[in-house]
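Positions are given from 1 along the sequence.
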Amino acid sequence: MSMYGRDPWGGPLEINAADSATEDERSRNLNDYDRAALSNSRPLDETQQSWLLGQGEQKKKKKYVDLGCIIVSRKIFVWTVGSILVCGLLAGLITLIVKTVPRHHGKHGPPDNYTLALHKALMFFNAQRSGKLPKHNNVSWRGNSGLQDGKSDSSWTLKDLVGGYYDAGDAIKFNFPKSFAMTMLSWSVIEYSAKYEAAGELAHVKEIIKWGTDYFLKTFNSSADTIDNIAAQVGSGDTSGGSTTPNDHYCWMRPEDIDYKRPVFACSSCSDLAAEMAAALASASIVFKDNKAYSQKLVHGAKTLFHFSRQQRGRYSAGSAEAATFYNSTSYWDEFVWGGAWLYYATGNNSYLQLATTPGIAKHAGAFWGGPDYGVLSWDNKLAGAQVLLSRLRLFLSPGYPYEEMLRTFHNQTSIIMCSYLPVFTSFNRTKGGLIQLNHGRPQPLQYVVNAAFLATVFSDYLDAADTPGWYCGPTFYSTDVLRDFAKRQIDYILGKNPRKMSYIVGFGNHYPRRVHHRGASIPKNKVKYNCKGGWKWRDTSKPNPNTLVGAMVAGPDKHDGFHDVRTNYNYTEPTLAGNAGLVAALVALSGDGSAKIDKNTIFSAVPPMFPTPPPPPAPWKP
C-alpha cells in the first residue's frame with residue numbers, strides 16, 4: 001500500500017507502508033527528496049527557509065536585512081538609519097536656532113528716490129490737518145485748530161465741521177479740490193497697495209484718506225437718502241475792494257491762533273462738487289472694503305451725493321464769488337463721468353456704468369473734441385482720469401454690448417492723450433529743462449505735471465497687466481517703456497534734475513525752497529500769539545521759514561525754468577492738497593524695483609460677473 005501526499009515545497013511525496021528499508025535508509029531518502037525539491041521549486045519565504053536551515057545557518061542569515069528590492073548588511077543598514085536620524089536632529093536644531101536667535105537682516109539696498117520722496121510727500125498732509133490732531137501726527141509745530149468750525153455760523157444747520165484739511169498756505173477748507181485730492185489718493189492705494197506696503201506707508205496713507213472722508217461725511221446729512229444742500233467751504237479769503245475784515249487771506253496767523261469768525265459756504269445747486277465728493281467717498285469705500293461698516297457708510301454717502309448732483313444741476317462756483325475766484329469749476333459733465341465710474345466700481349450697479357458711458361454726457365464733458373487743455377487732469381477737469389479709469393474696465397473685463405462702443409472711444413481717446421505727452425508730438429511745449437507745459441506757460445505748472453505722470457504710469461501698467469506691449473500713435477507703435485520714461489523724466493525734474501538743480505519738494509535733497517507760502521510754517525512756535533496783522537512781519541521777511549513744511553510740492557517754476565523763492569509770490573512757492581495728492585500718486589506708481597505690479601482685481605470687488613447682453617438683431621431686410 002502506498003500513500004501520496006503533497007510536498008510543501010512543490011514536489012510529490014510517496015510513502016510505501018510495505019517498505020522494509022531501515023531507518024537510516026529512510027533518512028537518506030528523505031534528504032535526497034529535500035535536495036531535489038530545493039533545486040526544482042520556487043523561492044522560499046523566510047518561514048520555509050527556517051524549516052530547512054540549521055541553527056548556525058539562521059544566525060548567519062540574520063547578518064543581512066531584506067528591504068524587498070535589495071538585501072543589505074545589517075550593520076550598514078543600522079549605520080545608515082542612524083546617520084539619517086542624527087542629521088535630521090541636527091537640521092531641526094539648526095532651524096530652531098536660526099528662527100529663535102535675533103539676527104540682523106541683510107540690507108536690500110537703499111530705497112529709490114521715488115520712495116524717499118513718497119515718505120516726505122505724505123507728511124505734507126499731516127501738516128495740513130485741521131481739528132483735534134492725533135498724538136502721532138509727527139509735525140511738532142502744529143496743534144489743534146479750527147475747533148469752532150461750523151458752530152460759529154448760525155446759518156448752517158450741521159454744526160460740527162471740525163476736521164478735514166486746510167487747502168494750501170492759508171486756513172480755508174475748500175471741498176472741491178480736497179475731494180479730488182482724496183480721490184487721487186484712494187485711486188493710488190487701490191492700484192498700488194503692495195508698493196505702499198513695501199514702503200511702510202500703507203497704514204499712513206489710509207489714515208490720511210480717512211481723515212478726509214470723515215470730514216466729508218460731516219458736510220451733508222450723510223444718513224439721509226436725499227439732501228438739499230452741502231457745505232462747500234469753511235473760511236473766507238475775500239479781500240476784494242481793499243477789505244480789511246479779518247479772514248484767512250487778510251490775516252497771517254497760525255491756524256492754532258485764529259480768533260476771527262469763519263463762515264460756512266453752503267450750496268444747493270452744485271453738481272460738480274457733489275459728484276466729486278461722491279467719487280471721493282466711493283473710491284475710499286474700496287480702500288476700506290475690509291472695514292465693512294465704514295465702507296458701506298461711505299457708499300451710502302456717495303449714492304446720496306451723486307443723486308443730489310443729478311437732481312440739482314449747476315456749477316458750485318456759479319453761486320459763490322469766492323469759489324469762482326479761487327477754485328472756479330468750468331463744467332460738471334466730467335464729474336458725472338468720473339463720479340459714475342467710481343460709483344460703478346464701488347457698487348457694481350450697472351446704472352452708474354450706463355450713465356458714465358452715455359454718449360450725450362461724454363459729449364458735454366468734451367470727450368469727442370480736443371482743445372488746448374484736452375488730456376490735462378486737474379481738480380477742475382477729470383475727463384482724462386475718467387477715460388483712463390474706464391479703459392481699465394475694457395482691458396480687464398471687456399463687458400461688451402451695450403458699453404463697448406463708448407468704452408472703445410474712451411480707450412482710443414486715452415491712447416491719443418498718451419501720445420500727446422510724448423516729446424515727439426507738439427501738443428504741449430516743454431521748457432529747455434524738459435518740463436512739459438500742460439497749462440501752456442501759465443503759473444503753478446507742477447500740479448498738472450504730476451497728474452500726467454501718474455496717468456502715464458498707471459496706463460502703462462494696465463497695458464503690461466493685459467499683456468499688451470504698447471499702443472499706437474497713428475501708424476507708429478510705442479512700447480509701454482516710453483510712457484514710464486516720460487513719467488520718470490517729469491518727476492525727476494521735480495526732484496532736482498533741472499537747470500536750477502533745485503528740488504521742488506520741501507525737505508527733499510539739499511537745495512529746495514526755504515520760503516514757502518504757508519502761514520503755519522513761516523511763523524515760529526514760540527508761545528507768542530501773533531494777531532491778524534502781527535504775523536505780517538513773518539510773511540514779509542526774507543528769512544527762511546522757521547518750520548520745515550516737509551514734503552510740500554510748491555507751485556513750481558515758470559516757462560523759462562526760473563523760480564523765485566519768495567514767500568509772498570504764491571505762484572512760485574505755495575503748495576496745495578490737490579498738487580501733493582497727484583505727486584503722491586505718481587511717486588508710488590514709479591517706486592520700487594518693478595517687481596510689484598498693479599492690483600488688477602481689488603477695484604472689481606463689488607462688480608458682479610458679467611454676462612454681456614447680445615446686441616439687437618439687424619433690421620429685417622427689405623427690397
Side-chain angles (χ1 to χ4, degrees), residues 113-114 117-118 120-121 123-125 127-128 167-170 177 180-181 184 326-327 372-373 375-381 421 423 428-457 486-518 521-522 544-545 548-587 590:
N113 278 344
Y114 306 123
L118 175 66
K120 297 182 181 297
M123 284 302 299
F124 171 72
F125 292 90
Q128 295 301 104
D167 173 65
D170 50 35
F180 172 71
M184 288 294 287
F326 302 117
Y327 283 103
D373 296 325
V376 180
L377 175 63
S378 71
W379 52 262
D380 176 30
N381 195 328
Y421 293 161
F428 300 101
N429 293 327
R430 280 168 166 74
T431 67
K432 290 184 178 180
L435 185 69
I436 190 170
Q437 295 290 284
L438 293 168
N439 63 339
H440 304 287
R442 296 189 292 269
Q444 306 173 27
L446 296 187
Q447 59 181 311
Y448 310 102
V449 172
V450 292
N451 290 339
F454 171 70
L455 291 185
T457 307
F486 158 76
K488 287 181 177 180
R489 286 178 182 272
Q490 297 305 308
I491 298 301
D492 287 348
Y493 181 104
I494 296 171
L495 296 182
K497 289 186 179 180
N498 55 63
R500 297 183 63 86
K501 301 294 188 290
M502 169 176 274
S503 163
Y504 291 109
I505 300 176
V506 177
F508 184 84
N510 297 319
H511 186 36
Y512 54 83
R514 308 281 177 165
R515 298 164 187 83
V516 181
H517 182 94
H518 192 275
S522 64
N545 288 350
T548 303
L549 187 61
V550 174
M553 183 184 74
V554 296
D558 57 32
K559 60 184 177 181
H560 304 294
D561 297 308
F563 182 80
H564 300 287
D565 190 6
V566 178
R567 190 176 298 105
T568 53
N569 196 332
Y570 57 85
N571 279 332
Y572 288 103
T573 59
E574 187 171 25
T576 65
L577 284 178
N580 254 70
L583 172 67
V584 166
L587 288 171
L590 291 171

Atom pair [atom1]/[atom2] of [X] and [Y] - distance to nearest 0.5 Å:
{"X": "Leu438", "Y": "Leu377", "atom1": "CG", "atom2": "CG", "result": "10.0 Å"}
{"X": "Phe180", "Y": "Asp380", "atom1": "CZ", "atom2": "CG", "result": "10.0 Å"}
{"X": "Ile505", "Y": "Ile491", "atom1": "CD1", "atom2": "CD1", "result": "7.5 Å"}

Checking side chain to side chain contact (heavy atoms under 4.5 Å, CB included) for the pair His517/Tyr572: CA distance, chi angles, key distance, verdict? CA-CA 9 Å; His517 182 94; Tyr572 288 103; over 6 Å; no
Paired with His518, the side-chain hydrogen bond (donor to acceptor under 3.5 Å, both in side chains) test is passed by just one of Gln128, Arg567, Glu574, namely Gln128
Distance alone, cut at 3.5 Å: any donor-acceptor contact between the side chains of Asp167 and Tyr327? yes
For a quick check under 3.5 Å, do Tyr512 and Asp565 share a side-chain donor-acceptor pair by atom type? no
Check: Met553 and Phe124 side chains under 4.5 Å, non-hydrogen atoms: no
Can you list everything that forms a salt bridge (Lys or Arg N to Asp or Glu O under 4.0 Å) with Arg442? Sequence neighbours excluded, please. Asp373
Take the angle between the ring planes of Phe428 and Tyr421 and call it parallel below 30°, perpendicular above 60°, tilted in between. tilted
Would you say [X]'s side chain and [Y]'s backbone share a donor-acceptor pair under 3.5 angstrom?
{"X": "Ser503", "Y": "Phe508", "result": "yes"}
{"X": "Asn113", "Y": "Ala117", "result": "no"}
{"X": "Asn498", "Y": "Gly433", "result": "no"}
{"X": "Asn451", "Y": "Leu455", "result": "no"}
{"X": "Asn580", "Y": "Ala121", "result": "yes"}
{"X": "His564", "Y": "Asn569", "result": "no"}
{"X": "Gln490", "Y": "Ile436", "result": "yes"}

Crowding at CZ, Phe563 (>12 non-hydrogen neighbours, <6.0 Å): yes
Surrounding CZ of Arg489 (heavy atoms of other residues, nucleotides or ligands, distance under 6.0 Å), is the total greater than 12? no
What closest approach, in Å, do Ala452 and Phe486 show between heavy atoms, and which atom pair accounts for it? O-CE2, 4.0 Å
Could you check Leu587, Val554, Val449 and say which one makes a side-chain contact (heavy atoms from CB on, under 4.5 Å) with Ile494? Val449
